[in-house]
Structures are given as C-alpha cells and as structure tokens.
Amino acid sequence: MATNKILRLILGDQLNEKHSWFQKPDNAVVYVMMEIRQETDYVKHHVQKVLAFFAAMRAFAEKLREKGHTVIYLRLDDPKNKQTIADNIKQLLKKKQYTRFEYLLPDEHRLDVELRKLAKSLSISWEAVDTEHFLTRREDFKDFFTGKKRYLMESFYRQMRHKHDILMDGDKPQGGRWNFDVENRRRYDGRVPIPKPKLFRNDVSALHKMIEKAGVKTFGTIKPKSLIWPISRSQSLSLLSAFLKNGLKEFGTYQDAMTTESWSLFHARISFALNAKMLHPLEVIEAAIRTWKKQKHSIKIQQIEGFVRQILGWREYMRGIYWTLMPKLGRMNFFSHRAALPAYYWTAETKMRCMQAAIGQSLEHAYAHHIQRLMVTGNFALLAGVHPDQVEEWYLGVYIDAIQWVEMPNTRAMSQWADGGLVATKPYVSSANYINKMSDYCGQCSYDRQKAHEESACPFNCLFWDFFHRHRKKLEKNARIGMMYRTWNRKDPEDQRRILKQAEFYKKDLNRL
Ligand SMILES: Cc1cc2nc3c(=O)[nH]c(=O)nc-3n(C[C@H](O)[C@H](O)[C@H](O)COP(=O)(O)OP(=O)(O)OC[C@H]3O[C@@H](n4cnc5c(N)ncnc54)[C@H](O)[C@@H]3O)c2cc1C
Ligand code: SF4
C-alpha cells in the first residue's frame with residue numbers, strides 16, 4: 001500500500017470538480033479543507049455568505065470522498081482546528097509521511113502572500129498549481145496593460161473575443177458590432193413578466209447553530225432551513241439552466257433596470273457559483289451561446305452579447321486590474337474621502353427609497369444586482385465622501401459573491417474612483433435623474449427627486465453638485481466631465497449657494513437621511 005506523501009490544500013472558493021487534480025483518486029495524495037476563523041473574521045460577513053461557503057465546501061469534500069479521494073475536513077468547531085491556514089498546515093505536516101505540499105493558487109492577494117510565505121518556510125518541496133478556472137493568467141494582464149495610461153475594458157474585451165473566438169465571424173464581431181451596451185439600458189416597463197427567481201432550499205440549520213455557538217459575528221438575515229444559494233455543482237448548473245430558459249431573453253434589455261417589483265429581475269445570480277468555481281466561465285458562455293443559437297428568433301444578439309461581455313469581459317478584466325494594481329489598490333483614495341459609512345448601510349433604515357430597496361434586499365438575500373451596487377449604494381457613498389476603506393468593508397461583507405479579487409476593483413476603482421480613473425474614464429455618479437430614469441423608486445420616496453435644495457430635496461441632487469464643486473481641481477480638466485462644470489457655471493449663483501448649503505446640511509449628519 002502506498003503511503004500518503006502529498007498534502008494538497010483546497011480553499012473555500014476552489015470547488016472546481018473539473019480540476020485535473022480530482023480526475024483520478026491517488027493513494028499518495030491527501031486533500032485538506034478547513035473552516036477557519038481567519039476567514040470568517042477578517043471582515044464581518046453576511047450570514048448567508050458564511051453558511052453558503054461552508055455548506056458548499058462540505059458538499060465538495062463529500063463529493064471528493066465519494067470519488068475515492070482522501071480528504072481531511074476540519075470543521076470550525078473541531079478541537080484540532082487551529083483556525084488559521086498556516087497553523088493547520090504546519091500541524092498536519094508534523095505527521096512525517098508528507099514529503100510534499102501543494103496548493104491551488106489563491107485569488108486573493110493576502111492569501112497569495114501568506115501561502116507563499118508558508119510554503120517557503122517548509123522543509124519539504126512545494127508547488128502552487130493553477131486553479132484552471134480563469135480564461136487569462138495573472139501575468140497576461142501585465143503584458144496587456146503595460147505602458148497604458150488607462151486600462152480600458154473595451155480593448156481588453158475585444159482581444160478576449162478574438163482570442164477565444166467567441167461571437168466572431170472570422171475577424172469581425174457577430175451582429176456587426178462589438179458592444180450593444182446602448183441597447184442595454186431600458187427601464188423595466190412591464191412589457192414582459194419578470195421570472196420568479198429559482199431558489200434552493202438548502203437546510204443549513206446545523207451549520208448556523210455551529211457558527212452562532214462559536215461566536216462568529218455576522219449580519220443580514222437567513223432562513224436556516226432554506227438557504228437560497230446553490231451549494232453544489234449540480235445546483236449551480238440548474239441555476240444556470242433556469243437563467244438560460246427564463247432570463248437570457250431579456251437580460252441585456254433590462255440589465256440596468258431597477259424595480260421594487262423584483263430583487264433579481266432578469267439577472268443570472270450565478271456569481272457565487274462562478275466565484276466558488278463550481279461553474280467554469282467558459283462553460284457558462286458556451287451554454288448561453290448554444291441557447292441563443294437555438295432560439296435566435298426570440299433571443300436577440302444584444303441579449304447574448306450583453307451577457308457574454310459580463311463574463312468574458314468584465315469579470316476577467318476586473319481580475320486583471322486586481323493583480324496589476326495590488327497591493328497599492330487597497331490603499332487608494334484619490335479624493336481623500338474621510339466620512340463614516342452611514343448606519344443605514346447595516347439596517348436599511350433610511351427615508352431614501354432607492355437606498356432602502358438596494359440595502360434592504362442586500363441584507364435579506366446577500367444580493368443586489370450591478371446597477372444597484374454601482375448607481376445606488378456606491379453612488380451615494382461616493383457623493384457623500386465616505387472613506388473607501390469603509391465602503392469596501394461593507395461590499396466585501398454583504399454580498400454572497402464578494403471575494404476581494406472581484407469586489408475590490410469593482411468597489412474601490414470602478415465605483416469609488418479611488419484609483420483616480422485608471423479603470424473608469426469618469427466617476428459613476430448621478431443625481432436623482434438617472435435613478436428615476438432606470439427605476440420606480442423615486443415615485444415612492446419621501447424626498448422630492450426634482451428638488452436640489454429645500455427641506456424635501458433629494459440628497460442625491462445636492463450631493464451630486466457638491467461633489468463636483470468640491471473636487472473641481474481634480475475633475476475639471478477631464479474632457480468627459482467638462483460639460484458638468486459648464487452646466488454648474490450657468491446656474492444662478494443664489495441657486496448654487498442654496499444647493500451647496502443643502503448638501504452641507506445633509507453631510508453634517510448623513511445618518512438622518
Ligand atoms: C460596487 C460593486 C461591487 C461589486 N462586488 C462584486 C463582488 O464582490 N463579486 C462579484 O462577483 N461581483 C461584484 N460586482 C459585480 C456585479 O455587480 C456582480 O458580479 C453581479 O451583480 C452578480 O450578480 P449576477 O450573477 O446576477 O450577475 P449578472 O448580471 O447576471 O451577470 C452575469 C455574471 O457576469 C459577471 N459580472 C457582471 N458584472 C461584473 C463585474 N463588474 N465584475 C465582475 N464580474 C461581473 C458575474 O460573474 C455575473 O455572475 C460588484 C459591482 C459593484 C458595482
Ligand atoms: S428621490 Fe432621491 S432618494 Fe428618493 S428614490 Fe429618488 S434618487 Fe433615491
């Protein structure tokens with residue numbers, strides 16, 4: 001009988017059944033997975049996020065065992081669990097049969113540093129192995145972005161379409177255009193019914209009791225007998241199928257829409273499954289393209305292109321930004337914003353209807369779709385001058401799909417413009433105009449979307465002008481923003497004074513809004 005020689009670490013977001021490691025059981029290999037306080041505590045997480053990861057990890061370990069692999073699974077409440085990766089690995093390696101340590105490359109910078117340090121400190125051989133998940137390697141971005149002032153997603157996306165031959169007719173994009181973004185901006189108009197989201201009913205009550213007993217601090221709500229998120233590859237595939245059947249047809253059209261009628265609209269809600277690597281990005285793209293090809297009469301090119309762009313473009317691009325800019329990205333604060341994150345980010349208790357809706361559903365489901373994240377909660381935090389560290393702590397904790405490699409570039413760079421415009425050519429800020437155009441929120445709000453001063457003025461309106469006013473030096477020369485200053489300059493000085501006064505009043509106590 002072979003003795004165990006190789007210890008292989010699998011992290012909680014590395015649940016890729018298709019990885020070459022798992023194709024054949026090998027008596028010389030022992031896998032280790034661990035639930036640890038290091039990961040539950042580095043930021044306060046939504047309770048559904050902690051439980052979804054643990055439940056998916058347990059299901060994955062079980063699956064590996066069924067296939068004949070040897071797995072050591074350290075539960076959070078296991079007395080042998082040292083609660084950090086390094087301590088657990090060192091403890092396991094004390095058993096002398098291991099002659100080699102291997103781990104899958106982590107996607108987070110902090111873990112990358114930690115694991116490399118750990119591996120280098122060992123007296124046995126080691127190797128970091130690719131996760132076989134992404135469509136680009138970390139190094140690819142350095143080459144792609146080298147010497148560029150801005151890291152434009154569009155040129156990256158086109159290159160990816162070419163490279164993977166996706167939605168291409170030879171050298172030309174299918175449909176004659178690379179990007180159908182302008183057709184992806186319709187408000188929800190009731191023209192087609194919104195599909196009921198496919199929800200799972202995973203019983204995680206035992207896990208929930210365990211984390212409560214251990215004193216893990218979480219926030220948000222959960223029904224422990226019916227966790228709605230997929231925790232296995234088969235559930236992930238069935239969520240993807242439900243989206244392809246019901247959501248894809250209208251995905252692009254209503255991609256940016258927001259409505260109190262639904263928390264998920266036509267979105268796929270597969271980000272957790274993708275980020276935990278239960279789904280592969282290419283299989284998602286290929287399945288979507290197959291569906292489109294079979295139903296070209298009812299699924300237009302703008303729907304499929306809009307969806308492909310998110311995964312082939314944005315997702316890979318954000319990863320590239322992360323690895324290109326880390327670790328300095330984590331410290332960026334271009335506007336030197338200092339305000340504290342208002343308390344209603346943790347409670348949804350605010351009179352602003354848009355914020356109530358976006359935060360409320362985030363606390364209830366650990367989910368908000370992209371435009372709610374970018375143009376409601378992110379927009380408000382930027383206008384109000386909240387410190388990016390605090391904004392990021394919230395985004396990293398609240399969403400089911402929040403893992404730093406994708407959360408940080410989206411939050412700090414794209415949403416808070418803390419990178420000073422490396423990613424987005426201008427800050428994503430708006431007054432009530434945009435929110436009203438894309439949602440039904442304003443009609444149900446205590447504030448008046450048409451006012452920028454006076455008692456009931458919508459906070460987004462005065463804070464919007466105040467933002468441009470106070471950052472004039474940093475923004476005025478930006479060609480894409482010049483128009484904004486010309487509009488502001490044309491305003492009556494008395495009007496300007498009132499708007500800024502209203503903004504001051506709101507900023508003095510953001511918590512009252
Ligand atoms: C401030 C902010 C923070 C964000 N934090 C995260 C995060 O922590 N984790 C995360 O996965 N996404 C994050 N996003 C991106 C995006 O909002 C989510 O990926 C999306 O809402 C997930 O829901 P879905 O699966 O229904 O997406 P869909 O709208 O159905 O899109 C399909 C898929 O495209 C990918 N995608 C779409 N947009 C992006 C994007 N901008 N960056 C990366 N991938 C994208 C996702 O994998 C998503 O599952 C953030 C966006 C913003 C503005
Ligand atoms: S009026 Fe202002 S605060 Fe109210 S929902 Fe509209 S944008 Fe939000």
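When a ligand or atom number is given, it counts from 1 through the structure's own listing order.
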>> Does the Lys NZ or Arg CZ of Lys198 fall within the cation-pi geometry relative to Phe243 - under 6.0 Å from the ring centre and within 45° of the axis?
In response: no
> Knowing that exactly one of Asn379, Asn461, Asn436 qualifies, which makes a side chain to side chain donor-acceptor pair (under 3.5 Å) with Ser430?
Replying inline: Asn379
> Ignoring hydrogens and geometry, is there a side-chain-to-backbone donor-acceptor pair from Gln361 to Trp263 under 3.5 Å?
Replying inline: yes
>> Under 6.0 Å between ring centres: does that hold for Tyr254 and Tyr188?
In response: yes
> Just which atoms of ligand 2 are under 4.0 Å from any heavy atom in Cys442?
Replying inline: 1 (S), 5 (S), 6 (Fe), 7 (S)
> Is the distance between atom 4 (Fe) of ligand 2 and the nearest N/O/S atom of Cys445 smaller than 2.8 Å?
Replying inline: yes
> Can the ring centres of Trp417 and Tyr428 be said to be less than 6.0 Å apart?
Replying inline: no
> Which ligand 2 atoms are under 4.0 Å away from a heavy-atom of Ala432?
Replying inline: 7 (S)
>> Distance under 4.0 Å, heavy atoms only, partner ligand 1: which residues pass?
In response: Phe251, His267, Ala268, Arg269, Ile270, Ser271, Leu274, Asn275, Phe307, Gln310, Ile311, Trp314, Arg315, Met318, Tyr367, Ala368, His369, His370, Arg373, Leu374, Tyr395, Asp401, Ala402, Ile403, Val406, Glu407, Asn410, Thr411, Ser415
> Taking the six-membered ring for Trp, is the centroid-to-centroid distance between His45 and Tyr42 below 6.0 Å?
Replying inline: yes
> At a 4.0 Å threshold, what atoms of ligand 2 neighbour a non-hydrogen atom of Cys458?
Replying inline: 1 (S), 2 (Fe), 3 (S), 7 (S)
> What atoms of ligand 2 come closer than 4.0 angstrom to any heavy atom of Arg449?
Replying inline: 1 (S)
> Yes or no on ring-ring contact (aromatic ring centres under 6.0 Å, His included) for Phe251 and His267, after CA distance, side-chain angles and deciding distance?
Replying inline: CA-CA 6 Å; Phe251 177 83; His267 293 275; 5.7 Å; yes
> Among Tyr151, Phe156, Phe134, which one satisfies ring-ring contact (aromatic ring centres under 6.0 Å, His included) with Phe141?
Replying inline: Phe156
> With ring centroids as reference points, do Phe53 and Trp229 lie under 6.0 angstrom apart?
Replying inline: no
>> Can you report which non-hydrogen protein atom sits closest to atom 5 (S) of ligand 2, along with the distance?
In response: Cys354 N, 3.5 Å
